[in-house]
4 protein chains.
Amino acid sequence: MSTVPAFKRLPRAVREQQMLDAAVKVFSRRGFHAASMDEIAEDAGISKPMVYAYLGTKEELFVACLHREGTRMMQAIAGAAAPDLPADERLWRGLRAFFGFVGAYRDGWAVLYRQARGEQPFAGELAAMRARLVEVVAGMLDHALRAEGREITAVDLEVVAYALVGATESLADWLADHPDADPEKTATRMMNVAWLGAAQLLHGATWRPPVD
Amino acid sequence: MSTVPAFKRLPRAVREQQMLDAAVKVFSRRGFHAASMDEIAEDAGISKPMVYAYLGTKEELFVACLHREGTRMMQAIAGAAAPDLPADERLWRGLRAFFGFVGAYRDGWAVLYRQARGEQPFAGELAAMRARLVEVVAGMLDHALRAEGREITAVDLEVVAYALVGATESLADWLADHPDADPEKTATRMMNVAWLGAAQLLHGATWRPPVD
Amino acid sequence: MSTVPAFKRLPRAVREQQMLDAAVKVFSRRGFHAASMDEIAEDAGISKPMVYAYLGTKEELFVACLHREGTRMMQAIAGAAAPDLPADERLWRGLRAFFGFVGAYRDGWAVLYRQARGEQPFAGELAAMRARLVEVVAGMLDHALRAEGREITAVDLEVVAYALVGATESLADWLADHPDADPEKTATRMMNVAWLGAAQLLHGATWRPPVD
Amino acid sequence: MSTVPAFKRLPRAVREQQMLDAAVKVFSRRGFHAASMDEIAEDAGISKPMVYAYLGTKEELFVACLHREGTRMMQAIAGAAAPDLPADERLWRGLRAFFGFVGAYRDGWAVLYRQARGEQPFAGELAAMRARLVEVVAGMLDHALRAEGREITAVDLEVVAYALVGATESLADWLADHPDADPEKTATRMMNVAWLGAAQLLHGATWRPPVD
DNA sequence: CATGAATGAGGTTTCATTCAT
DNA sequence: TATGAATGAAACCTCATTCAT
């Protein structure tokens with residue numbers, strides 16, 4: 001009847017996914033430290049030693065979660081925002097895919113961003129992923145700027161990209177906290193904020209601090 | 001004889017500040033869970049029972065840190081962005097004050113945002129503070145919009161404000177991770193991103209998703 | 001076709017020897033408690049349930065090791081020191097065989113003496129084997145004494161034999177820790193110590209404590 | 001009434017000795033691995049965290065036992081065998097002190113020799129102590145030899161000393177296993193074995209292997 | 001006021017051992 | 001026969017928290 005044999009003695013690959021599902025859920029609810037391996041094992045419907053046998057230490061388990069969720073997210077975005085599209089089109093599709101991911105995997109998002117950021121051992125992992133995102137956004141901006149015959153310093157570029165990514169993450173948090181909100185609509189809103197600001201930038205408008 | 005009683009038996013208020021200083025430092029370095037009351041007490045140069053006597057439980061201690069740092073930040077911002085100034089001036093002064101605070105109290109910032117966000121018991125505290133910020137920003141935007149004779153829905157307003165706050169926090173993180181960066185310059189950059197986007201909004205420009 | 005069935009499905013006896021080899025190696029390296037059945041099974045190139053099916057519990061496995069190595073040692077000694085030889089000849093041949101065994105099976109020696117001695121459940125097994133050795137040595141001494149027309153108490157005999165066995169074991173440890181040392185030469189040295197002392201004893205020389 | 005305050009809240013130094021007493025006892029009965037910190041704590045009449053607070057890790061605790069017992073033993077021997085006495089007198093007094101120590105602290109002896117030898121992490125500690133003993137004995141022999149105008153190679157000297165120490169340890173084990181035996185008498189027996197053999201050595205007697 | 005002494009509770013990790021295929 | 005999957009039990013260690021001085 002079912003594709004999965006039946007009840008117990010599942011093959012390793014299946015059990016690993018079950019464990020990761022449970023781990024993502026528990027880490028997301030409780031945070032890394034407060035989560036207990038007991039609860040994760042129980043939630044996965046399996047005994048603790050299996051978790052250690054398959055996924056290793058608590059830290060390694062968390063990293064495995066990070067990787068799975070991070071990869072999912074990155075693939076969702078990369079699959080949507082083909083590099084040969086015009087910049088606004090790429091941005092829009094990327095944002096739509098991103099918010100779609102967050103809407104679909106709220107727990108995963110929470111693990112990735114809310115938990116990993118606070119815990120020192122994983123800050124590096126996260127920073128790397130975030131850096132890839134920032135780089136992609138910065139690349140898009142740079143591409144569009146050059147098309148307009150304009151240019152800004154590398155640091156300025158990075159900072160603007162950082163701000164856009166931060167704004168996006170912030171809306172993702174908002175989305176994760178509003179289960180009824182529509183991911184697509186949230187993407188549209190972010191696109192408004194981002195593109196309008198970026199478009200100004202493209203046309204060379206700048207703001208300067210007043211002289212006190 | 002002297003105004004500060006030299007050695008021990010400090011007045012309660014002073015002791016409490018010493019403890020909070022130590023707590024903020026340790027929480028910021030280690031995170032809430034990984035921080036130990038032992039280390040905090042030792043760092044404060046005081047015995048553990050004193051910490052309990054003065055500031056209570058570990059959770060209560062963390063909340064006290066949150067309050068002190070949050071209040072400092074809010075006061076810095078509120079003191080700078082007087083409500084009777086024009087919107088752009090308020091925004092600029094607020095941002096400058098904010099990044100100034102982050103630059104000056106990196107540990108405090110880390111406690112407030114990087115640690116508190118991940119730990120369930122404090123998410124509420126933090127959300128409340130953040131909500132006040134969002135509200136202030138939304139108020140500024142609304143004020144400016146009405147001055148232009150325009151209006152947008154409350155949710156839209158909230159979301160845009162959320163995005164701006166998120167972008168700002170993101171740059172604050174960036175600033176906290178780049179000890180040599182200049183807070184004032186970072187504020188200018190954020191102002192560029194924010195104001196240019198907002199100005200578009202004010203003038204009625206909008207982006208609409210393409211019809212697939 | 002071939003005498004050794006090439007690959008798997010080895011006859012039980014062969015498998016058991018493989019397992020014992022692996023077990024002796026791992027017990028000797030790690031000690032009884034620190035050794036894990038996992039490592040032993042892996043080292044034997046076989047799955048854990050097989051080990052249990054063939055050799056039983058971890059304790060039983062250790063006892064099996066003890067027996068194999070102990071028997072090997074005893075046979076080496078007994079085979080060399082034929083009971084019809086004169087005492088000094090028997091002693092010399094026994095020592096030579098003993099140190100030869102230790103030199104050839106350092107792991108086995110380590111299991112037998114260094115590990116088994118410390119672990120309560122096996123102290124008995126070991127004591128029994130040692131008792132047999134002591135008995136043999138005591139027998140030799142007694143025989144020689146009677147040939148000289150002399151006699152000492154049973155306890156004195158046991159204690160002297162104990163001392164000789166202890167000295168021998170000590171040199172065995174020394175040999176096990178000096179892989180380049182020559183077993184034969186070590187045997188000669190021990191023979192010097194033992195025989196010279198024993199010869200004195202045979203001739204009735206004794207030392208008495210001074211009166212304080 | 002009593003010098004120890006009363007019941008609980010003992011000063012650190014006292015509690016540490018209680019813990020070491022318990023640890024020596026339990027380690028000696030069960031062996032390092034089989035001993036549990038729970039049992040040690042319970043036997044010391046205290047909770048586990050105190051043990052960790054005062055003496056550290058299980059390994060560190062064992063090392064502390066090793067040190068205390070080793071120091072006691074060495075001091076007993078050194079205090080008895082003054083270096084300015086004649087060799088036979090020194091040997092006799094050293095042996096008497098040694099067997100006295102073993103008789104008085106059977107548990108300590110078991111920890112020092114029976115347990116430590118088998119456990120890799122402590123083999124070094126033990127080897128060092130034993131090396132000091134061997135060195136002392138070798139020094140005594142060398143001194144006596146030179147007084148007789150004779151000399152042997154350094155390796156031979158070491159090996160003979162090793163054998164004597166081994167024989168002594170073996171009798172110590174025997175003593176530890178025979179609670180009713182008299183330490184002084186055991187020392188006399190060992191002195192007989194040792195001194196008679198050594199005396200032969202001093203006078204130049206040697207045994208040579210027969211040519212097969 | 002101030003602290004050294006003390007602990008209950010709980011977490012991670014490992015291991016010998018056994019099913020079910 | 002042979003093994004991957006699975007677990008109960010227990011060990012070490014740490015920490016927030018509180019007495020008793």
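No hydrogens, no waters, no symmetry mates; every other heavy atom, side chains included, goes into these values. Quick note on labels: first sequence line is chain A, next is B, and so on, each numbered from 1. Only a predicted model underlies this, so the values are computations on that prediction, with no experimental measurement involved.
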Under the rule for side-chain hydrogen bond (donor to acceptor under 3.5 Å, both in side chains), what residues qualify as partners of [X], not counting sequence neighbours?
X: D:K58; answer: none
X: C:E119; answer: C:H33
X: C:E39; answer: C:R30
X: C:Q120; answer: none

Nearest to the side chain of A:S47, heavy atoms from C-beta on, is which of E:dA2, F:dA6, E:dA6?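 Ranking E:dA2, F:dA6, E:dA6 by closest atom to the A:S47 side chain puts F:dA6 first.
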Given protein heavy atoms under 4.0 Å, the one-letter contact record of nucleotides 12-17 of chain E, with B base, S sugar-phosphate only and - none, is simply BBBBSB
Length of the [atom1]-[atom2] vector between [X] and [N], whole Å:
X: B:M50; N: F:dC19; atom1: CE; atom2: P; value: 15 Å
X: B:E42; N: E:dG4; atom1: CD; atom2: P; value: 11 Å
X: D:Q18; N: E:dA5; atom1: CD; atom2: C1'; value: 13 Å
X: A:L10; N: F:dA6; atom1: CG; atom2: P; value: 6 Å
X: B:E60; N: F:dA16; atom1: CD; atom2: C1'; value: 12 Å
X: D:E39; N: F:dC12; atom1: CD; atom2: P; value: 10 Å

Below 3.5 Å, can you tabulate the donor-acceptor pairs from side chains in residues 121-130 of chain A to any protein atom, sequence neighbours excluded?
from   : atom 1 : to     : atom 2 : distance (Å)
A:R130 : NE     : A:E169 : OE2    : 3.1
A:R130 : NH2    : A:E169 : OE1    : 2.3
A:R130 : NH2    : A:E169 : OE2    : 3.3

Is the phosphate of F:dA6, meaning OP1 or OP2, less than 4.0 Å from a side-chain N or O of A:R15?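 It does, given that an N or O in the side chain of A:R15 lies less than 4.0 Å from OP1 or OP2 of F:dA6.
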Does E:dG4 have its OP1 or OP2 closer than 4.0 Å to a side-chain nitrogen or oxygen of D:Y54?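 No.
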Got a sec, which residues hit salt bridge (charged side-chain N to carboxylate O under 4.0 Å, His left out) with A:D107, two or more places apart in sequence or on another chain?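 Expected list: none.
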Which residues share a salt bridge (charged side-chain N to carboxylate O under 4.0 Å, His left out) with B:R106, sequence neighbours left out: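 Testing B:R106 for salt bridge (charged side-chain N to carboxylate O under 4.0 Å, His left out), a comparison that skips the adjacent residues, returns none.
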Could you check whether atom OH of D:Y105 has more than 12 heavy atoms from other residues, nucleotides or ligands sitting under 6.0 Å from it?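 12 or below, so no.
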Check this for me: D:E42, atom CD, are more than 12 non-hydrogen atoms of other residues, nucleotides or ligands nearer than 6.0 Å?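 Atom CD in D:E42 is not packed in, count stays at 12 or less.
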Pairing of DNA chain E as dot-bracket, 5' to 3': ( ) intra-strand, [ ] crossing, | other strand, . unpaired, with Watson-Crick or G-U pairs under 3.5 Å? .||||||||||||||||||||
